[in-house]
Amino acid sequence: MSAANSPIVKNVLHAGQKYIAIANGSKAHFHFQTWKLGKEKILIDDSKKIGKKEPMVLVIGHKFKLEVWETVVKMMAVGEVASFTVKKELVYSYPFVSKTLRELGQETHKVKHTCTMTLHTEGIGYPDLDDLINNPSDLEFIIELLKVEKSDEYEKEVWQYSSEERLQLIPTLKEKGNKLYGQKVYDEAEEAYSKAIAICEQLMIRERKTDDEWINLNKIKLPILLNYAQCKLIKGDYYAVIEHCNTVLEYDEDNEKALYRRGKAHVGAWNPELAIEDFKKLKILNPSVSATVDKELENIKKLCKQKEEQDKDALKNMFSNEQNGT
């Protein structure tokens, strides 16, 4: 097949290091420019200027939406800069990939749902990309391959793990969270617990609630959820603590940690009656914590008295203002 008829034509612009085959699971980091070819050559995207203005990161072998990028990157050496002219038949999905990359990091951008009907009537929100959808064209990609990380050289994203690997990752994340919590690095601890909980829930969604697998996963999840709630309690996110402790108590109604943490959160959210209820139940369940619980109940009593005084003062001031005509 002649170069003119080949679906991909490569032209090296700058030689890189010695070529080493890129294995599946590796992460390729590269900058790119995308040019529309036709009567005139038009720049569509430059990774240094769109989205987060960061290099593209592609996990080889994970069927990225624009498959041709994986094909061309595997033809390159680290440090190489090359141009790839690609036939339009291989780049129909580019406008949708471009839209996603342009909007990365733009949290305030309103993401519009693009169904087939709106695609025909409104497009995807970028005139140049809409034109590319309506008038497909050959594209040229100028790619600079910055680095390649082998699968054992970087921390995988959760989606890259198999179900079995995800299951094995849960206790590792829990232990990481515990260690960070012990170091009082609460945000990072919360993040580790959150990842572990997310994996549990991803695996649970495939099972029925009555299945042994779902029940076992829930037993693994609940203690991590309690640790997560403790991080939220420290940050003063009381409603989140109440919600998570409710979940634990739904399956383990006498869980002492859940009762104590929910009681503390009820105080913070100013639900004194509910807090008293939790603390009194805890005291019945475990009389050995009576001294701690009594301190909490005394604190609630004190806070209620303070609030009562504040309310009296507020009422007094209100009447005083009315009498003074203000």
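Heavy-atom basis, side chains included; hydrogens, waters and symmetry copies ignored.
Aromatic ring orientation, F30 versus W69: perpendicular (interplanar angle above 60°, classes split at 30° and 60°).
To the nearest 0.5 angstrom, Y239 atom OH is 14.5 Å from H244 atom NE2. The distance from atom CG of L259 to atom CD of E277, rounded to the nearest 0.5 Å, is 10.0 Å. Here NZ of K302 is found 10.5 Å from NZ of K305. Values are rounded to the nearest 0.5 Å. A distance of 4.5 Å separates CG in L58 from CD1 in I60, rounded to the nearest 0.5 Å. A distance of 5.5 Å separates CD1 in I170 from CG in L203, rounded to the nearest 0.5 Å. Here the SG atom belonging to C304 is positioned 9.0 Å from the NZ atom belonging to K307, to the nearest 0.5 angstrom.
The heavy-atom pair separating M76 from I22 by the smallest distance is O-CD1, 4.4 Å.
Side chain of K195 to backbone of L173: no donor-acceptor contact under 3.5 angstrom is found. S137 places a side-chain N or O within donor-acceptor distance of the main-chain N or O of L37, the cut-off being under 3.5 Å. Side chain of S47 to main chain of F32: a donor-acceptor pair is present (N/O by atom type, distance under 3.5 Å, no hydrogens or angles). A donor-acceptor pair is defined here as one N or O able to donate and one able to accept, closer than 3.5 Å; no such pair exists between the side chain of D252 and the backbone of V248. Although no hydrogens or angles enter the test, the distance criterion places a donor-acceptor pair under 3.5 Å between the side chain of K99 and the main chain of I124.
Side chains of V68 and L139 form no contact here, defined as non-hydrogen atoms less than 4.5 Å apart. For the pair D211/M204, no side-chain contact is recorded, criterion being any heavy-atom separation below 4.5 Å from C-beta on. You'll find the side chain of T34 stays beyond 4.5 Å of the side chain of S98, heavy atoms only. Side-chain atoms of E175 and T172, non-hydrogen and from C-beta on, never get closer than 4.5 Å to each other. Annotation: side chain of K10 is not in contact with side chain of V72 (no heavy-atom distance under 4.5 Å).
Side-chain polar atoms of E144 and H14 form no donor-acceptor pair below 3.5 angstrom.
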Worksheet item: Passes side-chain hydrogen bond (donor to acceptor under 3.5 Å, both in side chains), Y260 versus E296? Steps please.
Response: CA-CA 10 Å; Y260 182 74; E296 296 292 348; 2.8 Å; yes
Item to complete: Evaluate the criterion side chain to side chain contact (heavy atoms under 4.5 Å, CB included) for residue pair F279 and I300; output intermediate values, then yes/no.
Response: CA-CA 11 Å; F279 288 132; I300 294 170; 3.8 Å; yes
Worksheet item: Please walk me through it: do D45 and L101 pass side chain to side chain contact (heavy atoms under 4.5 Å, CB included)?
Response: CA-CA 9 Å; D45 287 319; L101 294 176; over 6 Å; no
Discussion item. Under the criterion side chain to side chain contact (heavy atoms under 4.5 Å, CB included), I'd like the reasoning laid out for L129 against I44: C-alpha separation, chi angles, the key distance, then a yes or no.
Written reply: CA-CA 8 Å; L129 299 180; I44 298 177; 4.1 Å; yes
Worksheet item: After noting the C-alpha distance and the side-chain angles of F64 and V73, does the key distance pass the side chain to side chain contact (heavy atoms under 4.5 Å, CB included) rule?
Response: CA-CA 12 Å; F64 182 62; V73 164; over 6 Å; no
Discussion item. For D278 and K264: C-alpha separation, side-chain torsions, deciding distance, then whether salt bridge (charged side-chain N to carboxylate O under 4.0 Å, His left out) applies.
Written reply: CA-CA 9 Å; D278 280 342; K264 293 282 284 183; over 6 Å; no
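In the displayed structure, E67 atom CD is contacted under 6.0 Å by at most 12 heavy atoms of other residues, nucleotides or ligands. Remark: K281 NZ is packed, more than 12 non-hydrogen atoms of other residues, nucleotides or ligands lying under 6.0 Å away. The environment of NZ in K41 is crowded: more than 12 heavy-atom neighbours from other residues, nucleotides or ligands sit within 6.0 Å.
Under the 4.5 Å side-chain heavy-atom criterion for grouping Ile, Leu, Val, Met, Phe, Trp and Tyr, I42 is not connected to Y94 through any hydrophobic cluster. Hydrophobic clustering, with ILVMFWY side chains joined whenever heavy atoms are under 4.5 angstrom apart, keeps V9 apart from V81. Hydrophobic clustering of Ile, Leu, Val, Met, Phe, Trp and Tyr side chains at less than 4.5 Å, counting indirect connections, unites L217 with Y251. If you chain together hydrophobic residues whose side chains sit under 4.5 Å apart, I142 and M56 never meet in one group. There is a path of hydrophobic side-chain contacts, each under 4.5 Å, that joins L303 to I276.
With sequence neighbours left out, the ring-ring contact (aromatic ring centres under 6.0 Å, His included) criterion links Y238 to no other residue. In this view, Y193 satisfies the ring-ring contact (aromatic ring centres under 6.0 Å, His included) rule with no residue, not counting sequence neighbours. Evaluation of the salt bridge (Lys or Arg N to Asp or Glu O under 4.0 Å) rule for D187 yields K235 as partners, not counting sequence neighbours. With sequence neighbours excluded, the residues satisfying side chain to side chain donor-acceptor pair (under 3.5 Å) with Q33 are W35, D46.
At a threshold of 4.0 Å, the pair D128-K36 does not count as salt-bridged, since none of the basic side-chain nitrogens sits closer than that to a carboxylate oxygen.
As a member of the Ile/Leu/Val/Met/Phe/Trp/Tyr network built from side-chain separations under 4.5 Å, L274 groups with nothing else and remains a singleton.
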Would you be so kind as to tabulate the donor-acceptor pairs closer than 3.5 Å made by side chains of residues 222-233, with sequence neighbours excluded?
| residue | atom | partner | partner atom | Å |
| --- | --- | --- | --- | --- |
| N227 | ND2 | N178 | OD1 | 3.3 |
| Q230 | OE1 | R261 | NE | 3.1 |
| Q230 | NE2 | Y181 | OH | 3.2 |
| K232 | NZ | E190 | OE2 | 3.1 |

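No option in I242, T247, V241 other than V241 meets the side-chain contact (heavy atoms from CB on, under 4.5 Å) test with C245.
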